[in-house]
Amino acid sequence: MPKAKIQQKKSRLNWYLSRIRTMSLPEVVYRVRTALKKKKDQRFKMGYFPKSAINHLPTPLLFLPKIEQEIKLGDYSIFGHNLNYQKPINWHKDLMDGREFPKKFSFDIDTRSGKNGTAKVVWEVNRLQFLLKICLKYQQTKDREYLDLFVQHIREWNEANPYLNGVNWYSNIEVNIRIINWVFCWEMIGANELMASDADFKKFAETTWLPLIELHSRHAYRYESKYSSSNNHLIAEASGLFIAGCYWSFKDSERWVKKGQAILEEEIEKQHSANGINKEEASEYIQFITDFFLIAFLIGERSGHGFSKTYTHTLKTIFDYIYHLMDMGGNVPYYGDDDDGKVISLTTDESHFNNFRSLLTSAAIVFKDPKYKGKAPLFDLKNQVLFGDAGRQIFDSLVVPQKVEPKTVLYKNEGHFFIKKGSDNSEVYLHVDIAPLGYLSIAAHGHADALSFFLNIDGKPYIIDPGTYTYHSFPEWRAYFKGTLAHNTVRIDGLDQSVNGGPCLWLNHYQTEVLEVKDTPEEIVLKGSHNGYAQQGVQHIRTYTIDKKDDSILIVDELNTENNEPHTYEYPLHLHPDIQIEQVGANQFTIEHHGERKVSVLLDKRLSPEIVRGSKSPLLGWFSPSFLQKQPTSVIYSKIEVSGNLQLTTKINVQKK
């Protein structure tokens, strides 16, 4: 057997053993039962297709938008690769390299090693979010060509993906995203009217589309995520199931509503802190998760399945956190994983759509709060569909205060600190991370970034978190981007703060501790520590002192050892690719965006820093602006080997505006 295959098998075995280590005994029992259920389904349910019927046509719960400009059906971008959806689609093909996933029992398909391609790319195509644009184009033109294109895609998807056959039945989150998009498609295409006026469409809906929707909903009901996997996947599953039950009157719809709503009510509290901070520790995932909660909330209210006051309150705290996380330019900086995931794609310009801002527009309407409108001034296409003319009237009636100064918010219990200073046209924004690694025993989407920070000036990123780039493909890149060296903190002895057990798996989670929080008129002091290097006999304590008068930041790293043995310390500062950097002394650098404010970085005199950009050996100096895309960026990198205790001081000064 070739060495590569032996290594691949060894790697998979190690992952399975590591994964089992994260499971409780009840979870192990559950996993065994699920495996047996899958084998039974392989024997008796592969290729199954129901003969569905609904009791009545759905009551419209969304709104047709008024789109003045012509909708153009251009290519749809999948992680930087174009999908031509005006032609037949190969539903099992990886757009990146042309490889195809096998058409066999879904749960036997290898989606992790990359030997079949990148499953995430295939799944993104099969979310079918591009169908909404076809529906809107048909609604705008009433041209039969576009209705036929929509019908063709649904029929061909159904034929190419028999139940439990192929990779597109592997992940339940994908199943439920398709369900939600089909609700929007039903309304945007005017399916109720077509059912009454178009015999061909009625036949298609009754024999293909509705049975396919019911099949998806049954699958969602039977294959929910539990135990250590019950993170954003469980939210997606419950949301899709609930929305399907509220919208279509299948025989099991009532059961779907009851189960989906119960899970959503429980998980919105379980997966968020009292301040609305998502416990997965992945900032970009917040918009993804919040859409599941928001759309379910709106559909529930309009279909007579309203949510509790607690759910509504928690939803508002989530919006408040988004508001504080966002900078004056509408940017939500990275921490943790980002895979560009969206629940729906309702925009005429995908490249410039900001779903965080769109969510704040929704929040302004739902809670009639002008605060949110201050950071989200547009009533976009997505909100037109969600709220219609009545929503626009509410939004237009909200009066935003003329002057809104940046607000510092210190979430001590959760370990997230947003220090902001400036006026309505300037902002110095420092985020300090003394937060946990992630959620549940696998912390799947967290990064080893304890005590790190990012710095944005006037809505532009200066010192950054480099992003995610990949999950299961390119394991060495995955390890780098989620590892400690890819964050603005200290790595010790070449090790991450926690043990990397696989692409979405952490072992031996570090514990963080907030040691001091002081906020006076003169300064803010934040002090924290983590125990990620306890086995090496080293404790890392970091103190941030922010001088409110001169916009300076003092960072003091204390690296305390239990013995006199030597240790290697690496200290990177990752810069945005657009940053211009100049070394003005042995330990001093000036960084700036062209034409913007300058920032001075003065490192400890014991360090001998260098600028690293786009290094592949070792991996260092990379930025991932979106999933499966990366580019070189500059890193101010220092490395020192010392015996005994070490204290390092960093001084950052922001030029006055």
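Quantities reported herein were computed from a predicted structural model and do not represent experimental measurements.
Residues that satisfy the side chain to side chain donor-acceptor pair (under 3.5 Å) test with N158, not counting sequence neighbours, are absent from this structure. Not counting sequence neighbours, the partners of S358 by the side-chain contact (heavy atoms from CB on, under 4.5 Å) test are F353, N355, D380, K382, N383. Every salt bridge (charged side-chain N to carboxylate O under 4.0 Å, His left out) that D369 has, sequence neighbours left out, goes to K316. Residues passing the side chain to side chain donor-acceptor pair (under 3.5 Å) test with K104: none are found, sequence neighbours excluded. With sequence neighbours excluded, no residue forms a salt bridge (charged side-chain N to carboxylate O under 4.0 Å, His left out) with R178. In this view, S626 and Q629 satisfy the side chain to side chain donor-acceptor pair (under 3.5 Å) rule, not counting sequence neighbours. Under the ring-ring contact (aromatic ring centres under 6.0 Å, His included) criterion, H272 pairs with F293, sequence neighbours left out. Remark: S229 pairs with R19, R31, S225 by the side-chain contact (heavy atoms from CB on, under 4.5 Å) rule, at least two apart or across chains. Applying the side chain to side chain donor-acceptor pair (under 3.5 Å) test to H219 and every residue at least two apart in sequence or in another chain returns Y163.
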Which atom pairs, donor and acceptor, lie under 3.5 Å between side-chain atoms of residues 261-268 and protein residues at least two apart or in another chain?
{"unit_1": "Q261", "atom_1": "NE2", "unit_2": "H305", "atom_2": "O", "d": "3.0"}
{"unit_1": "Q261", "atom_1": "NE2", "unit_2": "G306", "atom_2": "O", "d": "3.0"}
{"unit_1": "E265", "atom_1": "OE1", "unit_2": "S308", "atom_2": "OG", "d": "2.7"}
{"unit_1": "E265", "atom_1": "OE2", "unit_2": "S308", "atom_2": "N", "d": "2.8"}
{"unit_1": "E265", "atom_1": "OE2", "unit_2": "S308", "atom_2": "OG", "d": "3.3"}
{"unit_1": "E266", "atom_1": "OE2", "unit_2": "K270", "atom_2": "NZ", "d": "3.1"}
{"unit_1": "E267", "atom_1": "OE1", "unit_2": "Q271", "atom_2": "NE2", "d": "2.8"}

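At least one test fails for K120 against the ring of F79: distance under 6.0 Å to the centre or angle within 45° of the axis.
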When you look at L628 and S473, which way does the side-chain contact (heavy atoms from CB on, under 4.5 Å) test go after all the steps?
CA-CA 9 Å; L628 293 175; S473 52; 3.9 Å; yes

Verdict with supporting geometry, L136 and L346, side-chain contact (heavy atoms from CB on, under 4.5 Å):
CA-CA 10 Å; L136 290 170; L346 266 170; 3.8 Å; yes

Derivation and outcome, side-chain contact (heavy atoms from CB on, under 4.5 Å), residues I344 and N181:
CA-CA 6 Å; I344 55 171; N181 274 270; 3.8 Å; yes

Which is it for L132 and M188 under the side-chain contact (heavy atoms from CB on, under 4.5 Å) test, yes or no, and what are the steps along the way?
CA-CA 7 Å; L132 271 172; M188 295 307 100; 3.8 Å; yes

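Taking the six-membered ring where tryptophan is involved, the planes of W256 and F250 are tilted, since the angle between them lies from 30° to 60°. The aromatic rings of F418 and H416 sit tilted, their planes meeting at an angle between 30° and 60°. Taking the six-membered ring where tryptophan is involved, the planes of F481 and Y469 are tilted, since the angle between them lies from 30° to 60°. Ring orientation note: the planes of F292 and F288 are nearly perpendicular, at an angle over 60° on the 30°/60° scale.
The two atoms that bring N176 and E237 nearest to each other are OD1-O, 3.1 Å, heavy atoms only. In terms of heavy atoms, K482 sits closest to P503 at NZ-O, 3.5 Å. Of all non-hydrogen atoms in S273 and K279, the two that sit nearest each other are N-CE, 4.0 Å. Between Y170 and I109 the shortest heavy-atom distance is CE1-O, 3.7 Å. Closest approach of F101 to D110, counting heavy atoms only: CE2-O, 3.6 Å. Of all non-hydrogen atoms in K342 and I177, the two that sit nearest each other are O-CD1, 4.4 Å.
A salt bridge between K39 and D108 is present, with a side-chain N of the basic residue lying under 4.0 Å from a carboxylate O of the acidic one.
Tested against Y85, the residues W157, W91, F130 include a single ring-ring contact (aromatic ring centres under 6.0 Å, His included) partner, F130.
Between W506 and H447, the gap from one ring centroid to the other reaches at least 6.0 Å. Between H233 and Y223, the distance from one ring center to the other does not fall under 6.0 angstrom.
Sorted by first then second residue, the salt bridge (charged side-chain N to carboxylate O under 4.0 Å, His left out) pairs that include residues 213-227, not counting sequence neighbours, are D41-R222, E214-R218, E224-K259. Contacts classified as salt bridge (charged side-chain N to carboxylate O under 4.0 Å, His left out) and involving residues 155-177 (residues at least two apart or in different chains) are given here: R127-E174.
Within 6.0 Å of atom NZ in K37, more than 12 heavy atoms from other residues, nucleotides or ligands are found, so the atom counts as buried in its surroundings.
Using modelled atom types and a 3.5 Å distance limit, the side chains of Y76 and E124 yield no donor-acceptor pair.
With hydrogens and angles disregarded, a donor-acceptor distance shorter than 3.5 Å links the side chain of N354 to the backbone of G330.
Separating the CZ atom in F627 from the CG atom in D338 is a distance of 8.5 Å, to the nearest 0.5 Å.
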